[in-house]
2 protein chains.
Amino acid sequence: MSGRFVTIGEAAGATGVSAKMIRYYEETGLLGRAERTASGYRVYSEADLHALRFVRRARDLGFSMREIADLLALWHDRSRTSAAVKAMALDHVADLRRRIGELEAMARTLEHLAERCCGDERPDCPILDDLAGGPREP
Amino acid sequence: MSGRFVTIGEAAGATGVSAKMIRYYEETGLLGRAERTASGYRVYSEADLHALRFVRRARDLGFSMREIADLLALWHDRSRTSAAVKAMALDHVADLRRRIGELEAMARTLEHLAERCCGDERPDCPILDDLAGGPREP
DNA sequence: ATGGACCTTCCCATCATGGGAAGGTCAAGG
DNA sequence: CCTTGACCTTCCCATGATGGGAAGGTCCAT
């Protein structure tokens, strides 16, 4: 109800989204055009801060800006189904799990190579040998 | 010993590094300046292909170009110690594990939220509630 | 009125990669 | 010999999300 409005710096401090990113989100259309004072300063209402925190939280959960735009649309759509939201979330989880698997494979490969490397002052190193020769050489 | 030289397209096909990236690696100094024909075409020797495969493999293991430059230097340095290589590899593993941990935390959070979301035709959704209100609201 | 903290827009950089245009080169086939 | 198509060259631009910084305007407290 209150008509309190804050500047972009205060909005940044209150939401954890940098002023730079707030402008960027506006520029790219993720968020609507902010209100302005007569002198051109952006001003933010409590509702705006709410949206910024939403974006921040979604970003922390690894959603892309494209996905966040979709989530915002679902958030604002009163006739959305929870099934739609859940599907998006699970899609994203699958994507995260896929990326985790890739990194995990890299880490395991490197750990195996490192195990076989004595790590002393001599130059012989199975890690470089693998990089040089590839893992499937005879 | 053979003097076989191939064009950039053949080098790309033989190493799995795109022609675009081969030029980019040269431009940024990751790889040395390629030999040229009289008409300006780049030509690659077996040794060049070997280096390209090295870069490809390191890239597949998630090393950054900066790290790959270091690895190439170690590879070419006959007086390197295997300890130095192992240290780089384990540093990179630690970095991978850290990133895995971050993604894992995101995935787990979303999975917990999704579990609590019935995913039916109704609009009520704990996932959006979390995004809107944050996880530490009363 | 002045100074400092803030705001504005605009441009540039990152990292690794791809797209595409404009133009030169090469090999094969007519 | 000439055309055709596949290849090569350089150059510029774009991505996604973010930061840095310059040049200039605004606001508020002293």
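We name chains A, B, ... by the order of the sequence lines, and we start the count at 1 in each one.
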Next on the checklist: Could you check whether B:Arg97 pairs with A:Glu104 (Lys NZ or Arg NE/NH1/NH2 to Asp/Glu carboxylate O, under 4.0 Å)?
Outcome noted: yes
Next on the checklist: Rounded at 0.5 Å granularity, tell me how far CG in B:Leu103 sits from CD in A:Glu102.
Outcome noted: 10.5 Å
Checklist entry - Is it true that atom CZ of B:Arg36 has more than 12 heavy atoms of other residues, nucleotides or ligands lying nearer than 6.0 Å? => result yes
Item to check | Member of B:Glu10, B:Glu35, B:Glu26 meeting the salt bridge (Lys or Arg N to Asp or Glu O under 4.0 Å) criterion with B:Arg42 | outcome: B:Glu26
Result block: side-chain N/O donor-acceptor pairs under 3.5 angstrom for residues 11-20 of chain A, not counting sequence neighbours:
unit_1: A:Thr15; atom_1: OG1; unit_2: A:Ala11; atom_2: O; d: 2.8
unit_1: A:Thr15; atom_1: OG1; unit_2: A:Val17; atom_2: N; d: 3.3
unit_1: A:Ser18; atom_1: OG; unit_2: A:Met21; atom_2: N; d: 3.1

Checklist entry - How far does CG of A:Leu128 sit from NE2 of B:His76, to the nearest 0.5 angstrom? => result 10.0 Å
Item to check | Of residues 64-76 of chain B, the positions that come close to DNA chain C - non-hydrogen atoms, cut-off under 4.0 Å | outcome: B:Ser64, B:Met65
Item to check | OG1 on A:Thr109 to CG on B:Leu61, rounded to 0.5 Å | outcome: 6.0 Å
Checklist outcome for this item: Contacts of A:His50 meeting side chain to side chain contact (heavy atoms under 4.5 Å, CB included) (sequence neighbours excluded), chain-then-number -> A:Trp75, B:Ala132
Checklist entry - Ignoring hydrogens and geometry, is there a side-chain-to-backbone donor-acceptor pair from B:Asp48 to B:Ser45 under 3.5 Å? => result yes
Item to check | A:Arg33 atom CZ, over 12 foreign heavy atoms within 6.0 Å | outcome: no
Checklist entry - For DNA chain C, which nucleotides open and close the run of contacts to chain B, 5' to 3', at under 4.0 angstrom from a non-hydrogen atom? => result C:dA16 to C:dC26
Item to check | Polar contact flag, side-chain donor to acceptor under 3.5 angstrom, A:Asp120-B:Ser82 | outcome: yes
What N/O pairs connect the protein and nucleotides 27-30 of chain D at under 3.5 Å? Give each pair on its own line.
unit_1: D:dC27; atom_1: OP1; unit_2: A:Ser39; atom_2: OG; d: 2.7

Checklist entry - Contacts to DNA chain D from residues 17-31 of chain B, heavy-atom cutoff under 4.0 Å, which residues? => result B:Lys20, B:Arg23
Next on the checklist: Taking the nucleotide of DNA chain D with the nearest heavy atom to each, does A:Phe63 or B:Gly9 sit closer to the 5' end?
Outcome noted: B:Gly9
Next on the checklist: Within this structure, what is the CG-CG distance for the pair A:Asp129 and A:Asp124, rounded to the nearest 0.5 Å?
Outcome noted: 7.5 Å
